[in-house]
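Scroll down for the structure; my scribbles are underneath it.
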Protein chains: 2
Amino acid sequence: MSLTIGELSRQAQVKIPTIRYYEQIGLLAEPVRTEGQQRRYWPEDVRRLNFIRHARELGFEVEAIRQLLGLASHPDRSCGEAHEITKAHLTEVNDKIARLTALRDELQNMVACDNGKVAKCRIIEVLADHDKCLHETH
Amino acid sequence: MSLTIGELSRQAQVKIPTIRYYEQIGLLAEPVRTEGQQRRYWPEDVRRLNFIRHARELGFEVEAIRQLLGLASHPDRSCGEAHEITKAHLTEVNDKIARLTALRDELQNMVACDNGKVAKCRIIEVLADHDKCLHETH
DNA sequence: CTTGAACCTATAGCCGCTAGAGGATGTAGC
DNA sequence: GCTACATCCTCTAGCGGCTATAGGTTCAAG
(Lines give C-alpha, C1' and ligand atoms only; values in the text may rest on other atoms or scores of the structure.)
Protein backbone atom coordinates (compact mmCIF):
# COMPACT_ATOMS: atom_id res chain seq x y z
CA MET A 1 0.00 0.00 0.00
CA SER A 2 2.33 2.73 1.22
CA LEU A 3 5.96 3.16 0.21
CA THR A 4 9.09 3.33 2.28
CA ILE A 5 11.52 6.13 1.58
CA GLY A 6 13.74 3.63 -0.21
CA GLU A 7 10.93 2.58 -2.56
CA LEU A 8 10.07 6.21 -3.24
CA SER A 9 13.72 6.86 -3.91
CA ARG A 10 13.90 4.06 -6.49
CA GLN A 11 10.64 4.97 -8.17
CA ALA A 12 11.35 8.66 -8.46
CA GLN A 13 15.10 8.32 -9.03
CA VAL A 14 15.93 10.68 -6.22
CA LYS A 15 18.43 9.80 -3.50
CA ILE A 16 17.16 9.25 0.01
CA PRO A 17 19.06 12.11 1.67
CA THR A 18 17.77 14.38 -1.07
CA ILE A 19 14.18 13.37 -0.31
CA ARG A 20 14.70 14.21 3.35
CA TYR A 21 16.34 17.47 2.28
CA TYR A 22 13.31 18.36 0.13
CA GLU A 23 11.06 17.68 3.08
CA GLN A 24 13.24 19.92 5.22
CA ILE A 25 13.04 22.86 2.85
CA GLY A 26 9.33 22.37 2.35
CA LEU A 27 9.24 21.07 -1.23
CA LEU A 28 7.73 17.82 -0.01
CA ALA A 29 5.13 17.71 2.74
CA GLU A 30 5.91 15.76 5.88
CA PRO A 31 4.71 12.22 5.26
CA VAL A 32 2.90 9.96 7.68
CA ARG A 33 5.13 7.96 10.01
CA THR A 34 5.03 4.47 11.45
CA GLU A 35 5.02 3.89 15.19
CA GLY A 36 8.77 3.76 14.97
CA GLN A 37 9.00 7.13 13.14
CA GLN A 38 9.75 5.75 9.70
CA ARG A 39 8.35 7.73 6.75
CA ARG A 40 5.60 6.18 4.63
CA TYR A 41 4.66 7.63 1.24
CA TRP A 42 1.85 7.31 -1.33
CA PRO A 43 1.85 7.18 -5.14
CA GLU A 44 0.92 10.86 -5.10
CA ASP A 45 4.34 11.56 -3.62
CA VAL A 46 6.05 9.73 -6.48
CA ARG A 47 4.36 12.09 -8.92
CA ARG A 48 5.31 15.18 -7.00
CA LEU A 49 8.89 14.04 -6.60
CA ASN A 50 9.10 13.24 -10.30
CA PHE A 51 7.89 16.74 -11.00
CA ILE A 52 10.60 18.16 -8.77
CA ARG A 53 13.33 15.99 -10.27
CA HIS A 54 12.44 16.88 -13.83
CA ALA A 55 12.31 20.55 -13.04
CA ARG A 56 15.73 20.36 -11.37
CA GLU A 57 17.18 18.49 -14.33
CA LEU A 58 15.87 21.22 -16.56
CA GLY A 59 17.76 23.72 -14.46
CA PHE A 60 14.91 25.29 -12.50
CA GLU A 61 15.94 26.59 -9.11
CA VAL A 62 14.16 25.34 -6.03
CA GLU A 63 12.39 28.66 -5.65
CA ALA A 64 11.02 28.43 -9.19
CA ILE A 65 9.85 24.89 -8.51
CA ARG A 66 8.08 26.05 -5.41
CA GLN A 67 6.23 28.56 -7.59
CA LEU A 68 5.39 25.97 -10.22
CA LEU A 69 4.10 23.58 -7.57
CA GLY A 70 1.98 26.40 -6.23
CA LEU A 71 0.46 26.90 -9.67
CA ALA A 72 -0.21 23.21 -10.04
CA SER A 73 -2.35 23.25 -6.92
CA HIS A 74 -4.51 26.05 -8.35
CA PRO A 75 -5.45 24.54 -11.71
CA ASP A 76 -8.15 27.14 -12.27
CA ARG A 77 -5.65 29.99 -12.36
CA SER A 78 -3.97 31.27 -15.50
CA CYS A 79 -0.61 29.77 -16.34
CA GLY A 80 0.84 33.14 -17.31
CA GLU A 81 3.19 32.96 -14.38
CA ALA A 82 4.46 29.51 -15.26
CA HIS A 83 4.86 30.81 -18.77
CA GLU A 84 7.15 33.63 -17.66
CA ILE A 85 9.32 31.39 -15.55
CA THR A 86 9.75 28.99 -18.42
CA LYS A 87 10.38 31.66 -21.04
CA ALA A 88 13.16 33.21 -19.02
CA HIS A 89 14.74 29.82 -18.80
CA LEU A 90 14.44 29.19 -22.52
CA THR A 91 16.33 32.36 -23.37
CA GLU A 92 19.14 31.35 -21.07
CA VAL A 93 19.36 27.88 -22.57
CA ASN A 94 19.45 29.16 -26.14
CA ASP A 95 22.30 31.47 -25.27
CA LYS A 96 24.28 28.63 -23.73
CA ILE A 97 23.77 26.44 -26.78
CA ALA A 98 25.08 29.14 -29.08
CA ARG A 99 28.22 29.70 -27.06
CA LEU A 100 28.89 26.02 -26.54
CA THR A 101 28.58 25.44 -30.26
CA ALA A 102 31.18 28.12 -30.93
CA LEU A 103 33.42 26.55 -28.33
CA ARG A 104 32.98 23.11 -29.85
CA ASP A 105 34.10 24.39 -33.23
CA GLU A 106 37.25 25.75 -31.68
CA LEU A 107 37.93 22.56 -29.75
CA GLN A 108 37.51 20.61 -32.95
CA ASN A 109 40.07 22.84 -34.61
CA MET A 110 42.39 22.24 -31.70
CA VAL A 111 42.01 18.50 -31.84
CA ALA A 112 42.57 18.64 -35.58
CA CYS A 113 45.97 20.31 -35.07
CA ASP A 114 47.58 17.06 -34.15
CA ASN A 115 51.31 17.50 -34.14
CA GLY A 116 51.53 21.24 -33.91
CA LYS A 117 52.33 23.25 -30.84
CA VAL A 118 49.86 24.62 -28.32
CA ALA A 119 51.14 28.05 -29.24
CA LYS A 120 49.29 27.72 -32.50
CA CYS A 121 46.07 26.57 -30.91
CA ARG A 122 43.61 29.32 -30.33
CA ILE A 123 41.35 27.90 -27.65
CA ILE A 124 42.66 30.25 -25.01
CA GLU A 125 42.24 33.35 -27.13
CA VAL A 126 38.78 32.29 -28.12
CA LEU A 127 37.60 31.89 -24.58
CA ALA A 128 39.50 34.91 -23.37
CA ASP A 129 38.01 37.15 -25.99
CA HIS A 130 35.01 35.33 -27.24
CA ASP A 131 33.41 37.92 -29.47
CA LYS A 132 36.54 38.96 -31.29
CA CYS A 133 37.78 35.49 -32.16
CA LEU A 134 34.50 33.78 -32.76
CA HIS A 135 34.41 34.01 -36.52
CA GLU A 136 38.04 33.99 -37.45
CA THR A 137 39.42 31.06 -39.37
CA HIS A 138 41.96 28.69 -37.95
CA MET B 1 49.71 51.18 -16.20
CA SER B 2 48.63 48.50 -13.77
CA LEU B 3 45.06 47.81 -12.69
CA THR B 4 43.49 47.74 -9.25
CA ILE B 5 41.31 44.79 -8.37
CA GLY B 6 38.27 47.00 -8.90
CA GLU B 7 39.32 47.87 -12.43
CA LEU B 8 40.05 44.22 -13.18
CA SER B 9 36.64 43.35 -11.81
CA ARG B 10 34.89 45.83 -14.09
CA GLN B 11 36.88 44.88 -17.17
CA ALA B 12 36.48 41.12 -16.77
CA GLN B 13 32.96 41.25 -15.33
CA VAL B 14 33.95 39.19 -12.32
CA LYS B 15 33.14 40.28 -8.79
CA ILE B 16 35.98 41.29 -6.50
CA PRO B 17 35.50 38.54 -3.88
CA THR B 18 35.40 36.03 -6.71
CA ILE B 19 38.74 37.27 -8.02
CA ARG B 20 40.27 36.81 -4.59
CA TYR B 21 38.65 33.39 -4.38
CA TYR B 22 40.19 32.39 -7.70
CA GLU B 23 43.59 33.49 -6.44
CA GLN B 24 43.05 31.42 -3.30
CA ILE B 25 42.26 28.24 -5.20
CA GLY B 26 45.12 28.84 -7.61
CA LEU B 27 43.22 29.73 -10.78
CA LEU B 28 44.81 33.16 -10.79
CA ALA B 29 48.44 33.68 -9.82
CA GLU B 30 49.21 35.94 -6.90
CA PRO B 31 49.58 39.41 -8.36
CA VAL B 32 52.18 42.00 -7.42
CA ARG B 33 51.33 44.13 -4.44
CA THR B 34 51.84 47.76 -3.53
CA GLU B 35 53.76 48.72 -0.41
CA GLY B 36 50.40 48.72 1.38
CA GLN B 37 49.59 45.14 0.21
CA GLN B 38 47.04 46.09 -2.43
CA ARG B 39 46.87 43.88 -5.52
CA ARG B 40 47.95 45.28 -8.88
CA TYR B 41 47.09 43.53 -12.15
CA TRP B 42 48.10 43.67 -15.82
CA PRO B 43 46.09 43.40 -19.04
CA GLU B 44 47.24 39.79 -19.22
CA ASP B 45 45.17 39.11 -16.13
CA VAL B 46 42.07 40.56 -17.77
CA ARG B 47 42.48 38.03 -20.56
CA ARG B 48 42.96 35.14 -18.19
CA LEU B 49 40.02 36.13 -16.06
CA ASN B 50 37.82 36.52 -19.14
CA PHE B 51 38.83 33.01 -20.10
CA ILE B 52 37.83 31.72 -16.71
CA ARG B 53 34.52 33.55 -16.72
CA HIS B 54 33.53 32.28 -20.15
CA ALA B 55 34.51 28.74 -19.30
CA ARG B 56 32.49 28.89 -16.06
CA GLU B 57 29.48 30.29 -17.90
CA LEU B 58 29.72 27.37 -20.29
CA GLY B 59 29.59 25.00 -17.37
CA PHE B 60 33.21 23.87 -17.09
CA GLU B 61 34.23 22.95 -13.60
CA VAL B 62 37.16 24.69 -12.00
CA GLU B 63 39.28 21.58 -12.36
CA ALA B 64 38.66 21.46 -16.12
CA ILE B 65 39.54 25.12 -16.42
CA ARG B 66 42.75 24.47 -14.54
CA GLN B 67 43.65 21.90 -17.18
CA LEU B 68 42.79 24.15 -20.07
CA LEU B 69 44.87 26.92 -18.56
CA GLY B 70 47.67 24.44 -18.11
CA LEU B 71 47.74 23.85 -21.84
CA ALA B 72 48.16 27.52 -22.49
CA SER B 73 51.13 27.85 -20.18
CA HIS B 74 53.19 25.17 -21.93
CA PRO B 75 53.28 26.57 -25.45
CA ASP B 76 56.46 24.62 -26.21
CA ARG B 77 54.87 21.28 -25.49
CA SER B 78 53.55 19.12 -28.25
CA CYS B 79 49.84 19.05 -28.84
CA GLY B 80 50.10 15.28 -28.74
CA GLU B 81 50.31 15.28 -24.96
CA ALA B 82 47.45 17.71 -24.62
CA HIS B 83 45.45 16.11 -27.34
CA GLU B 84 43.64 13.70 -25.08
CA ILE B 85 42.69 16.35 -22.58
CA THR B 86 41.27 18.51 -25.29
CA LYS B 87 39.38 15.65 -26.85
CA ALA B 88 37.83 14.81 -23.52
CA HIS B 89 36.62 18.37 -23.23
CA LEU B 90 35.23 18.21 -26.73
CA THR B 91 33.21 15.14 -25.81
CA GLU B 92 31.96 16.89 -22.74
CA VAL B 93 30.94 19.93 -24.75
CA ASN B 94 29.12 17.84 -27.32
CA ASP B 95 27.21 16.10 -24.55
CA LYS B 96 26.22 19.41 -23.10
CA ILE B 97 25.00 20.69 -26.42
CA ALA B 98 22.90 17.58 -26.95
CA ARG B 99 21.32 17.79 -23.53
CA LEU B 100 20.67 21.49 -23.77
CA THR B 101 19.11 21.09 -27.18
CA ALA B 102 16.70 18.47 -25.88
CA LEU B 103 15.93 20.78 -23.03
CA ARG B 104 15.29 23.69 -25.37
CA ASP B 105 12.81 21.69 -27.42
CA GLU B 106 10.94 20.86 -24.30
CA LEU B 107 10.93 24.39 -23.02
CA GLN B 108 9.65 25.56 -26.39
CA ASN B 109 6.77 23.13 -26.13
CA MET B 110 6.06 24.42 -22.69
CA VAL B 111 6.14 28.06 -23.69
CA ALA B 112 3.74 27.36 -26.56
CA CYS B 113 0.89 27.22 -24.04
CA ASP B 114 0.09 30.89 -23.85
CA ASN B 115 -3.05 32.11 -22.18
CA GLY B 116 -4.76 28.93 -21.17
CA LYS B 117 -5.50 27.77 -17.70
CA VAL B 118 -3.07 25.71 -15.69
CA ALA B 119 -5.33 22.74 -16.16
CA LYS B 120 -4.48 22.89 -19.86
CA CYS B 121 -0.95 24.11 -19.39
CA ARG B 122 1.71 21.72 -20.55
CA ILE B 123 4.36 23.08 -18.22
CA ILE B 124 2.91 21.22 -15.31
CA GLU B 125 2.15 18.07 -17.26
CA VAL B 126 5.50 17.90 -18.97
CA LEU B 127 7.33 18.27 -15.72
CA ALA B 128 5.10 15.84 -13.88
CA ASP B 129 5.38 13.14 -16.46
CA HIS B 130 8.40 13.80 -18.57
CA ASP B 131 8.56 10.70 -20.74
CA LYS B 132 4.92 10.62 -21.68
CA CYS B 133 4.69 14.22 -22.83
CA LEU B 134 8.04 14.61 -24.48
CA HIS B 135 7.07 13.76 -28.01
CA GLU B 136 3.45 14.77 -28.11
CA THR B 137 2.49 17.64 -30.33
CA HIS B 138 0.92 20.71 -28.89
C1' DC C 1 47.29 66.89 5.30
C1' DT C 2 42.81 65.51 5.13
C1' DT C 3 39.05 62.99 3.39
C1' DG C 4 36.54 59.28 1.39
C1' DA C 5 36.46 55.71 -1.95
C1' DA C 6 38.58 51.67 -2.57
C1' DC C 7 41.24 48.32 -0.71
C1' DC C 8 42.74 44.53 2.88
C1' DT C 9 41.95 39.96 5.83
C1' DA C 10 39.11 36.81 8.08
C1' DT C 11 35.06 34.58 8.80
C1' DA C 12 30.53 33.11 8.03
C1' DG C 13 26.79 32.12 5.02
C1' DC C 14 24.43 30.72 0.69
C1' DC C 15 22.40 26.75 -2.40
C1' DG C 16 21.62 22.15 -3.33
C1' DC C 17 22.88 18.49 -2.15
C1' DT C 18 25.89 14.19 -0.24
C1' DA C 19 28.33 11.35 3.12
C1' DG C 20 29.14 9.44 7.56
C1' DA C 21 28.47 8.08 12.42
C1' DG C 22 25.88 5.76 15.60
C1' DG C 23 21.76 3.93 16.72
C1' DA C 24 16.60 2.24 16.08
C1' DT C 25 13.13 -0.26 13.29
C1' DG C 26 10.88 -3.67 10.51
C1' DT C 27 10.43 -8.04 8.31
C1' DA C 28 11.57 -12.75 6.76
C1' DG C 29 12.96 -17.19 8.15
C1' DC C 30 13.39 -20.41 11.64
C1' DG D 1 8.68 -15.80 19.69
C1' DC D 2 13.42 -14.81 18.35
C1' DT D 3 17.17 -13.64 15.66
C1' DA D 4 19.50 -11.61 11.76
C1' DC D 5 20.22 -7.95 8.91
C1' DA D 6 18.59 -4.67 5.51
C1' DT D 7 16.66 -0.51 5.92
C1' DC D 8 15.48 3.26 8.35
C1' DC D 9 16.26 7.27 11.76
C1' DT D 10 18.69 11.90 13.33
C1' DC D 11 22.50 14.70 13.50
C1' DT D 12 26.46 16.79 11.90
C1' DA D 13 29.82 18.04 8.67
C1' DG D 14 31.43 18.58 4.11
C1' DC D 15 31.35 19.71 -0.89
C1' DG D 16 31.80 23.35 -4.99
C1' DG D 17 31.61 27.86 -6.14
C1' DC D 18 30.90 31.64 -4.77
C1' DT D 19 29.00 36.09 -1.89
C1' DA D 20 28.45 39.10 2.08
C1' DT D 21 29.86 41.23 6.28
C1' DA D 22 32.80 43.34 9.85
C1' DG D 23 36.44 45.94 11.10
C1' DG D 24 40.43 47.91 9.76
C1' DT D 25 44.10 50.08 6.19
C1' DT D 26 45.71 52.37 1.95
C1' DC D 27 45.77 55.52 -1.77
C1' DA D 28 45.07 59.58 -4.47
C1' DA D 29 42.60 63.90 -5.35
C1' DG D 30 42.08 68.39 -3.56
Side-chain angles (χ1 to χ4, degrees), chain A residues 1-42 45-46 48-69 85 89 92 96 127, chain B residues 1-42 45-46 48-69 92 96 127:
Chain A
M1 207 64 258
S2 62
L3 307 167
T4 67
I5 196 169
E7 286 159 346
L8 176 62
S9 169
R10 274 185 292 280
Q11 287 191 32
Q13 302 273 70
V14 173
K15 289 177 183 169
I16 291 173
T18 305
I19 294 172
R20 295 199 270 247
Y21 169 72
Y22 285 160
E23 180 183 327
Q24 198 181 301
I25 63 171
L27 270 194
L28 287 178
E30 293 183 13
V32 288
R33 302 268 189 147
T34 61
E35 286 284 295
Q37 296 309 316
Q38 296 197 358
R39 293 166 178 82
R40 287 299 122 97
Y41 296 92
W42 305 97
D45 297 305
V46 180
R48 191 180 175 95
L49 194 48
N50 264 325
F51 179 100
I52 294 167
R53 174 171 56 88
H54 288 309
R56 287 294 301 133
E57 283 171 1
L58 294 175
F60 287 93
E61 290 174 8
V62 164
E63 199 42 49
I65 296 172
R66 217 188 291 275
Q67 287 176 19
L68 288 172
L69 284 170
I85 295 169
H89 208 68
E92 208 180 295
K96 268 185 192 167
L127 278 177
Chain B
M1 207 67 261
S2 62
L3 306 167
T4 66
I5 197 169
E7 286 159 346
L8 176 62
S9 168
R10 275 184 293 280
Q11 287 191 32
Q13 301 273 70
V14 173
K15 288 177 183 169
I16 291 174
T18 305
I19 294 173
R20 294 199 270 246
Y21 169 72
Y22 285 160
E23 180 184 328
Q24 197 182 301
I25 64 171
L27 271 194
L28 287 178
E30 293 183 11
V32 289
R33 302 269 190 146
T34 62
E35 286 284 295
Q37 296 307 317
Q38 295 196 358
R39 292 165 179 84
R40 285 302 117 96
Y41 296 92
W42 305 97
D45 297 306
V46 180
R48 191 180 176 94
L49 195 46
N50 264 325
F51 175 97
I52 294 168
R53 175 170 56 87
H54 286 306
R56 286 295 300 129
E57 284 171 1
L58 292 175
F60 285 94
E61 290 172 9
V62 163
E63 198 41 49
I65 296 172
R66 216 189 290 276
Q67 284 184 11
L68 287 172
L69 285 169
E92 204 182 304
K96 269 182 194 157
L127 284 177

Is the closest side-chain heavy-atom distance between [X] and [Y] below 4.5 Å?
X      : Y      : result
L27(A) : Y21(A) : no
R53(A) : T18(A) : no
R33(A) : Q38(A) : no
I19(A) : Y41(A) : yes
I52(B) : L28(B) : yes
I5(B)  : R20(B) : yes

Check your understanding: Could you write nucleotides 6-15 of chain D as a row of B, S and -, 5' to 3', where a protein heavy atom under 4.0 Å of any base atom gives B, of only sugar-phosphate atoms gives S, and otherwise -?
Key -> --SSB-----
Roughly how far apart are [X] [atom1] and [Y] [atom2], rounded to 0.5 Å?
X      : Y      : atom1 : atom2 : value
R10(B) : L3(B)  : CZ    : CG    : 10.0 Å
E7(B)  : D45(B) : CD    : CG    : 12.5 Å
R48(B) : I65(B) : CZ    : CD1   : 10.5 Å

Point to revise | Pair E63(B)-R66(B), salt bridge (charged side-chain N to carboxylate O under 4.0 Å, His left out): steps then yes or no | key: CA-CA 5 Å; E63(B) 198 41 49; R66(B) 216 189 290 276; 3.1 Å; yes
Check your understanding: Taking any atom under 4.0 angstrom from a heavy atom of chain B, which nucleotides of DNA chain C are the first and last to qualify, 5' to 3'?
Key ->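 The protein-touched segment is dC7(C) to dT9(C).
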Between N or O atoms, less than 3.5 Å apart, protein on one side and nucleotides 16-19 of chain D on the other: list the pairs.
{"from": "dG17(D)", "atom 1": "OP1", "to": "V62(B)", "atom 2": "N", "distance (Å)": "3.4"}
{"from": "dG17(D)", "atom 1": "O3'", "to": "R56(B)", "atom 2": "NH2", "distance (Å)": "3.4"}
{"from": "dC18(D)", "atom 1": "OP2", "to": "Y22(B)", "atom 2": "OH", "distance (Å)": "2.8"}
{"from": "dC18(D)", "atom 1": "OP2", "to": "R56(B)", "atom 2": "NE", "distance (Å)": "2.7"}
{"from": "dT19(D)", "atom 1": "OP2", "to": "T18(B)", "atom 2": "OG1", "distance (Å)": "3.1"}

